[in-house]
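Below is one structure; the comments refer to it alone.
By convention in this document, chain letters (A, B, ...) are assigned in the order of the sequence lines, proteins followed by strands, and residues within each chain are numbered from 1. Below, each value reflects all heavy atoms present in this structure, side chains not excepted, and no hydrogens, waters or symmetry copies. Just so it is clear, the structure is predicted and the values come from calculations on it, not from any experiment.
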Amino acid sequence: MANNNSGPDKPASLLMWVVAIGASLLLFYGLDQLIMASQGLPLNLDLTPAQ
Amino acid sequence: MAIFQTTQAHIPGVQRWFNKMTQTMFWTLLVMLVLGMFGIASEFTGFGAALAADAAVSTGVTAPEIAASDYPNIGFSSRSVVWIAAQMHLFFAAFVLAVPLFVVVIEWLGVKTNDQRYDDMAHEFMKVSMTAYSITALFGGLLAFALFVLYPHLMGYMTRVFDTQMLWYALLFFAESAILYVYYYSWGALRYGNRKWVHLSLGVALNVVGTSILFIANAWATFMMAPSGVDIATGAITGNIWEVMRGPLWNPVNLHRFIANIAFGGAVVGAYAGYKLLSAKTMGERAHYDWMGYTSNFIAVLAFLPLPFAGYWLMAEVYAYSQQMGITAMGGILAWLFIVQAVLIGTILLASNYYLWSGMSRTEGSQRYQWMIKYIAVVLVLGFLVWVTPHTIILRASEVALLGGSHHHLLGPLGIMPAKNIAVNLMLIATFLSFQLYRRSDKQVTVSWAPWGNAVLTAIYLIAVINIIFAGIYYGYFTNTVYKVGSSVTQVVSTLVVIVAGVVIDSLMFKKAKILPSQWGRVSNRSQYALFALPIAFTWLMALMGYVRSSVRTHWHVYTVVKDNSADNFIPAIGYAGNMMTIVTVLFLLCILFIFWIASLSNSKQIPPVNKAG
């Protein structure tokens with residue numbers, strides 16, 4: 001996904017990636033919990049089956 | 001046109017009213033199409049239940065008990081005759097119902113962007129499908145005659161069950177033909193201004209009727225697989241027509257066929273564009289057909305991406321209706337066909353990706369992304385190999401001893417669904433990435449937040465891939481079966497999140513992007529063969545899965561209601577079925593070549609003879 005913009009400096013760039021990956025992790029974690037629970041298959045916090 | 005414009009110029013009130021009316025008509029018809037689609041009314045509003053509540057029908061009709069001697073003997077397999085006629089009819093029907101669906105969208109894009117090229121392309125797509133329309137009707141007639149002559153008792157029962165609906169079906173064909181001809185031949189007469197909206201409305205009306213035809217025919221096929229509205233023991237009709245139609249498999253088949261038809265239609269017109277590009281004599285023609293081929297491939301891929309999920313829903317409903325039927329399809333003799341299916345789907349994905357990669361050569365801007373192609377190819381090939389790995393192989397004792405058991409210790413785990421689910425989802429994500437890179441090739445981003453957009457998108461790709469692999473391995477191999485099945489939904493949603501996020505972020509990020517020069521027609525001739533590979537693989541795939549869908553009824557005409565006592569009351573062997581599928585595929589492709597030739601013939605003009613005397 002390269003582009004020709006110069007982009008932010010190093011610390012800002014690191015922060016950007018941490019936020020992006022963290023937000024994505026949260027999104028997919030929430031989706032996993034929600035989708036499995038909606039099918040009557042709840043998960044524990046560590047994503048192991050709760051049943 | 002002039003009179004029309006003058007009239008409006010003199011009466012602006014009427015013009016405003018006409019503007020509103022034509023556009024309202026278009027949008028109303030569009031809403032009708034969307035609402036009618038997939039039986040939304042029945043799924044969510046209880047409309048069907050309300051109709052069924054006053055049903056309690058008992059007509060005295062019961063399922064026929066057909067003896068072997070009741071079937072007419074024509075000297076060769078009746079099933080084969082119906083097989084060929086039905087499959088050919090379905091190929092053409094899929095094509096002619098699909099083309100107007102995307103043609104209306106392309107035509108609307110022409111209005112929206114004020115770009116005449118869209119309009120010309122939409123018109124040319126319709127031209128290709130016009131000859132196919134009459135061939136569809138011919139094979140439909142042949143199929144109907146074959147069914148009524150060769151299976152009279154079954155068809156007698158089906159006719160009583162579906163009653164006057166069969167007449168409505170025939171009437172819808174009249175409506176379809178009438179609207180189709182008006183739509184096609186009025187293209188030039190209703191091309192600009194408000195008239196264009198009238199034309200678009202005709203296109204939507206055509207699709208409303210076409211989709212209705214599709215859904216009615218689906219009701220007959222799904223009734224034979226999973227009958228409803230009848231007493232299973234006697235076959236007596238216990239519900240009204242709505243209960244009979246709305247069996248458990250109706251909507252899954254509606255959705256699956258609707259999407260698959262669009263992918264198939266896109267692939268066939270793509271081959272037409274490829275054929276025209278290779279035979280183009282000027283650079284202008286080449287550019288036009290290159291653009292047409294790209295659009296066709298775009299339609300085919302876009303419709304194809306959600307298709308596995310629709311198929312998954314259909315199979316889940318098959319299992320929910322009858323575990324035995326599900327196991328026959330995916331765990332018994334027919335299971336091997338899903339390996340053949342994997343080969344064909346792999347071919348489709350490899351061909352469409354290759355076409356996109358080749359198409360990137362149209363612009364210099366693509367050089368920024370070309371390094372990624374090899375990694376995408378690796379994912380596609382590995383996914384393909386996992387998908388084609390069989391689970392159960394028929395082995396000799398010596399081979400079992402060599403293998404160390406009935407399953408290979410390393411490859412065995414790749415033969416079951418969790419591995420296939422990982423493979424198919426990753427292949428779809430890889431295909432979407434190819435598509436996204438292609439779309440970005442001729443653009444240079446200008447927004448200041450582009451690094452953030454790229455970081456979020458990359459993170460979504462990365463975490464989605466990890467989530468798909470985690471769900472497939474952990475829930476697929478280390479938890480119980482219900483979690484294995486349930487986690488496949490999280491995999492599907494992960495793939496959809498990537499696609500939706502990719503479309504949304506790129507749309508916003510490249511809205512005001514600088515467009516880099518690109519040259520239509522500057523594509524390799526070799527890439528056009530990918531456009532030929534697509535309809536061949538799609539056609540074979542439809543023949544294959546049609547055989548699976550129909551064969552799961554085993555020795556029943558109508559599953560558990562009307563027994564098949566004919567000489568063909570068994571699932572045909574894979575080799576025999578393979579030959580039948582190949583025959584219909586080749587036959588269809590020959591007909592398609594004829595259609596392409598006819599479509600080109602209409603552009604040919606004989607040079608007038610020189611009058612030597614004058």
Side-chain angles (χ1 to χ4, degrees), chain A, chain B residues 365 367-372 433 436-437 440 443-468 470-471 474-475 478-494 496-498 501-502 505-506 509-510 513-514 516:
Chain A
M1 299 294 159
N3 67 81
N4 289 348
N5 280 22
S6 55
D9 55 18
K10 255 190 176 174
S13 174
L14 185 67
L15 176 73
M16 180 181 77
W17 282 103
V18 169
V19 170
I21 291 175
S24 300
L25 270 171
L26 265 178
L27 171 72
F28 284 100
Y29 177 83
L31 277 174
D32 285 357
Q33 291 281 2
L34 189 76
I35 292 163
M36 294 301 273
S38 68
Q39 296 178 92
L41 303 166
L43 299 172
N44 295 316
L45 285 178
D46 62 357
L47 293 176
T48 54
Q51 284 176 353
Chain B
Q367 285 171 358
R368 295 168 293 169
Y369 302 115
Q370 277 173 351
W371 64 273
M372 294 174 82
L433 179 59
Q436 198 174 16
L437 296 181
R440 284 178 167 217
K443 296 177 189 75
Q444 192 162 348
V445 74
T446 54
V447 291
S448 59
W449 53 273
W452 275 95
N454 281 326
V456 169
L457 199 52
T458 309
I460 286 175
Y461 265 101
L462 184 72
I463 308 300
V465 167
I466 292 171
N467 199 40
I468 287 165
F470 162 75
Y474 176 62
Y475 300 113
F478 299 101
T479 61
N480 59 42
T481 307
V482 284
Y483 273 86
K484 177 169 83 178
V485 176
S487 67
S488 60
V489 182
T490 65
Q491 293 177 305
V492 169
V493 173
S494 300
L496 291 176
V497 166
V498 170
I505 292 175
D506 269 19
M509 212 154 81
F510 290 92
K514 184 182 162 195
L516 304 171

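A:Phe28 and B:Ile463 make their closest contact through CD1-CG2, 3.6 Å (heavy atoms, listed as atom of the first residue, atom of the second, distance). For the pair A:Leu47 and B:Phe470, the tightest heavy-atom approach, listed with the atom from each and the gap, is CD1-CE2, 3.8 Å. For the pair B:Thr479 and A:Pro49, the tightest heavy-atom approach, listed with the atom from each and the gap, is CG2-CG, 3.5 Å. Residues A:Ser24 and B:Ala459 share a closest heavy-atom pair of OG-CB, 3.3 Å.
Looking at B:Ala464, the atoms closer than 4.5 Å to chain A (heavy atoms on both sides) sit in the backbone and in the side chain alike.
B:Ser494 contributes atom OG, which lies 6.0 Å from atom CG of A:Asp32 (distance to the nearest 0.5 angstrom). Here A:Leu43 contributes atom CG and B:Thr490 contributes atom OG1; the two are 8.5 Å apart, rounded to the nearest 0.5 Å. In this structure, the separation between CG on A:Leu41 and NZ on B:Lys484 is 13.5 Å, given to the nearest 0.5 Å. In this structure, OG in B:Ser488 is found 7.0 Å from CD in A:Gln39, a value given to the nearest 0.5 Å. Note that CG of B:Asn467 and CG of A:Leu25 are 9.0 Å apart. Values are rounded to the nearest 0.5 Å.
Ranked by heavy-atom pairs under 4.5 Å with chain A, the first of B:Ala471, B:Ala501, B:Ala455, B:Ser487 is B:Ala455.
Counting heavy atoms from C-beta on, the side chains of A:Trp17 and B:Val456 never come closer than 4.5 Å. Between A:Thr48 and B:Tyr474 the shortest side-chain heavy-atom distance falls below 4.5 Å.
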